[in-house]
Amino acid sequence: MSAPALSIRNVSHVFGSGETAFTALREVDLDVRRGEILLLMGPSGSGKTTLLHILGGLLRPTSGSVRLNGKAIEHLGEEELSALRLKHFGFILQSYNLFPVLSATENVLVAFDLMRANLAEGRVRARELLRTVGLADKLDAFPAQLSGGQKQRIAIARALAGDPQFLLADEPTAALDADTGRKAMALFARLAHDQGRAVVIVTHDPRILPLADRIVHIEDGQIAPASDNDAQPPVFAGAPT
Amino acid sequence: MSLSDSQSLERTPGRAAPACVWRARMTGLIAWRNLVHDRVRFGVTIVGIAFATLLMGIQLGMLVNFMQTISAVVDRSGADLWIAAHGVKTVDLATPLEERRRFQALSTMGVASAEPYLLGFGYWKKPDGVLETVILIGVEPDATMGRPWDVLDGVNVHDALLSPDGVIVDRLYAAKLGVSRVGETFEINDRRVRVVGFTSGIRTFTQSPYVFMSLRKARSLATNLVHGGKTITYVPIRVADGFSREETRRKLAARMPDVDVLTSADFSGQSRAYWLFSTGAGVSIVSSSLLAMFVGVVIAAQTLYASTMDRLPEYATLRAMGGSRFYLYSIVIQQALIGGAIGYVFGMSAALLMAWAGRESSATPEIPLSLVLGIGLVIEVMCVLASLISLKKVTSINPAEVFR
Ligand SMILES: Nc1ncnc2c1ncn2[C@@H]1O[C@H](COP(=O)(O)OP(=O)(O)OP(=O)(O)O)[C@@H](O)[C@H]1O
Ligand SMILES: [Mg+2]
């Protein structure tokens with residue numbers, strides 16, 4: 001397995017200050033490697049989303065270090081972090097937040113626009129991505145005309161638009177039925193195992209477990225002591241070992 | 001391994017695209033769709049901006065009209081300098097001046113010509129016996145300055161002023177004076193006058209029409225001004241080639257310290273300032289224009305802010321995806337600019353239409369191209385200012401907060 005592309009050391013995060021201070025993460029160490037699907041699991045409120053945000057440069061930790069490809073990023077400013085996210089990360093967040101005024105294709109196209117891509121090519125690619133997530137017949141539909149699962153799939157397509165090295169997903173299959181959920185997972189597996197991306201998924205969905213290369217449990221802002229989950233061998237059929 | 005490591009990124013078409021691709025493609029689309037998405041809000045925005053534009057156009061158009069009207073007889077006189085009785089406030093409120101001032105002027109270096117000019121009030125009696133106050137302007141028939149301009153139907157001013165009792169009035173006031181055609185006779189101050197020609201578009205600020213006539217006729221009518229039959233009110237002067245106006249003005253003023261010697265520009269400006277600022281008319285026009293603009297800005301700011309608030313989660317998503325602050329700004333600002341432009345087009349069209357419809361009336365907004373463009377610029381700048389509060393909101397977006 002390759003060197004960690006993303007690693008955090010001794011990361012703590014405190015929300016608020018004074019009497020209302022709440023420690024959401026406590027001295028967490030975690031490595032994310034290319035080519036693996038890493039699951040973050042744990043009870044509600046345990047700090048999974050907070051950890052994902054810190055991994056993706058959406059949130060600066062109160063203390064500790066975050067290294068992306070060996071470079072510390074925890075001290076970068078808003079705009080630098082933003083540029084970094086554009087270059088390296090794809091997010092599928094808990095709320096999809098699609099532009100209601102843009103069609104499915106246009107919502108994905110925005111990602112290409114952010115990258116200053118050629119929009120004609122971007123449009124072709126956006127449609128390809130939407131077909132990949134099973135929305136071939138909804139390319140020009142607006143979010144209001146779509147189901148929750150369909151919207152979630154647009155969000156997935158949008159996250160993949162940048163061909164990110166790191167795909168960070170917060171409950172990406174929550175709104176999907178068994179079949180589309182499985183397809184989405186197969187897509188994530190392809191990204192990790194065939195294309196060498198790092199995929200980090202926060203989930204409660206037991207259907208995903210078989211695809212995971214590694215599972216990290218979080219409880220009360222801390223990584224639960226290494227369990228047998230951690231050593232679980234990749235189950236994904238055909239995954240490179 | 002470096003931050004710029006980009007293994008297998010080459011397959012993304014976008015990253016290889018040339019930098020010259022226009023940046024605002026999607027932002028413009030998002031701005032437009034955001035703007036029209038909520039029909040009611042869109043309508044309110046457009047109506048607000050359109051009304052602000054319309055009001056500004058009409059108000060400032062009236063101001064332009066007033067300014068042009070007030071000083072028209074000075075501006076269109078062809079004179080470089082004016083001698084007036086000491087303390088003159090505005091051209092229409094003339095006080096008597098001795099005619100010898102003209103001869104004094106003529107004997108001053110740099111003066112090419114100096115002519116007598118009389119302006120006074122009179123009462124015009126209509127056929128039905130009703131009296132109208134008019135402003136009499138008397139010049140010599142062969143005057144080169146201060147003659148009526150824009151005379152209709154090829155009437156020769158010289159001959160018209162020479163003809164017995166001949167007067168020239170403006171078409172705009174024909175109805176007011178009860179005139180229907182050339183040749184009709186009326187009375188001013190109980191003496192006979194005969195309409196021998198019409199001008200077109202010479203308005204008066206006071207709405208008392210100008211009546212042009214010969215100096216001799218004016219003297220016989222303006223009884224209130226006459227002492228000894230040698231009275232005039234102004235001496236318009238043309239400065240000889242090669243002499244400076246200001247220099248000549250100073251020479252004349254030094255020679256005649258007990259009268260006012262003004263350049264046409266100063267006389268014109270002083271006349272405008274008198275009506276517009278000492279009477280408060282100008283202040284009220286300017287302040288109501290500012291108010292209209294302010295109301296437009298507040299409406300635009302309000303609707304834009306509401307629409308920005310509606311989109312905060314989406315803006316936060318753009319931010320999470322790596323959009324720069326500038327990307328978000330450009331959406332909000334374009335939304336403001338597009339809304340402003342649409343409202344402006346409606347408002348300005350209405351203002352121009354109203355000005356056009358009133359072109360035959362004696363007081364109609366005058367909206368020159370510079371005003372059309374100026375108001376457009378002001379509206380767009382105001383719309384950008386109106387978006388500042390929304391920009392501040394967008395700046396403070398923290399995606400991690402929004403997606404908790
Ligand atoms: N901005 C904030 N201010 C204060 N407390 C916060 C803030 N964000 C998160 N928290 C707290 O931090 C803890 C961790 O939150 P987090 O969103 O990471 O949980 P989670 O594991 O993702 O939960 P869930 O599975 O319900 O999404 C929670 O107790 C939450 O109340
Ligand atoms: Mg969460």
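In what follows, every chain begins at residue 1, and chains take the letters A, B, ... in the order their sequences are listed.
For the options L59(A), L102(A), N107(A), heavy-atom pairs under 4.5 Å to chain B are most numerous at L102(A). Of the residues considered (S82(A), A111(A), G57(A)), S82(A) shows the highest number of contacts with chain B, using heavy-atom pairs under 4.5 Å. Among I30(B), D310(B), V36(B), the residue with the largest count of heavy-atom pairs under 4.5 Å with chain A is I30(B).
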Exercise. Does the side-chain contact (heavy atoms from CB on, under 4.5 Å) test come out yes or no for K138(A) and R153(A), once each step is laid out?
Worked result: CA-CA 11 Å; K138(A) 299 290 180 190; R153(A) 282 183 277 162; over 6 Å; no
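For an aromatic pair to be called close, the ring centres must be under 6.0 Å apart, and F22(A) with F15(A) fails this.
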Side-chain polar contacts of residues 47-69 of chain B - donor-acceptor pairs under 3.5 angstrom, sequence neighbours left out - could you list them?
residue : atom : partner : partner atom : Å
T53(B)  : OG1  : I49(B)  : O            : 2.8
Q59(B)  : OE1  : S288(B) : OG           : 3.0
N65(B)  : OD1  : T69(B)  : OG1          : 3.0
N65(B)  : ND2  : T364(B) : O            : 2.6
T69(B)  : OG1  : N65(B)  : O            : 2.6

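When heavy atoms are compared at a cutoff of 4.5 Å, F89(A) does not approach chain B at all. Looking at L81(A), neither its backbone nor its side chain comes within 4.5 Å of chain B, counting heavy atoms on both sides.
Checked for salt-bridge contact, R197(A) and D163(A) meet the test: a charged N lies under 4.0 Å from a carboxylate O.
For F42(B), the ring-ring contact (aromatic ring centres under 6.0 Å, His included) criterion is met by no residue, not counting sequence neighbours.
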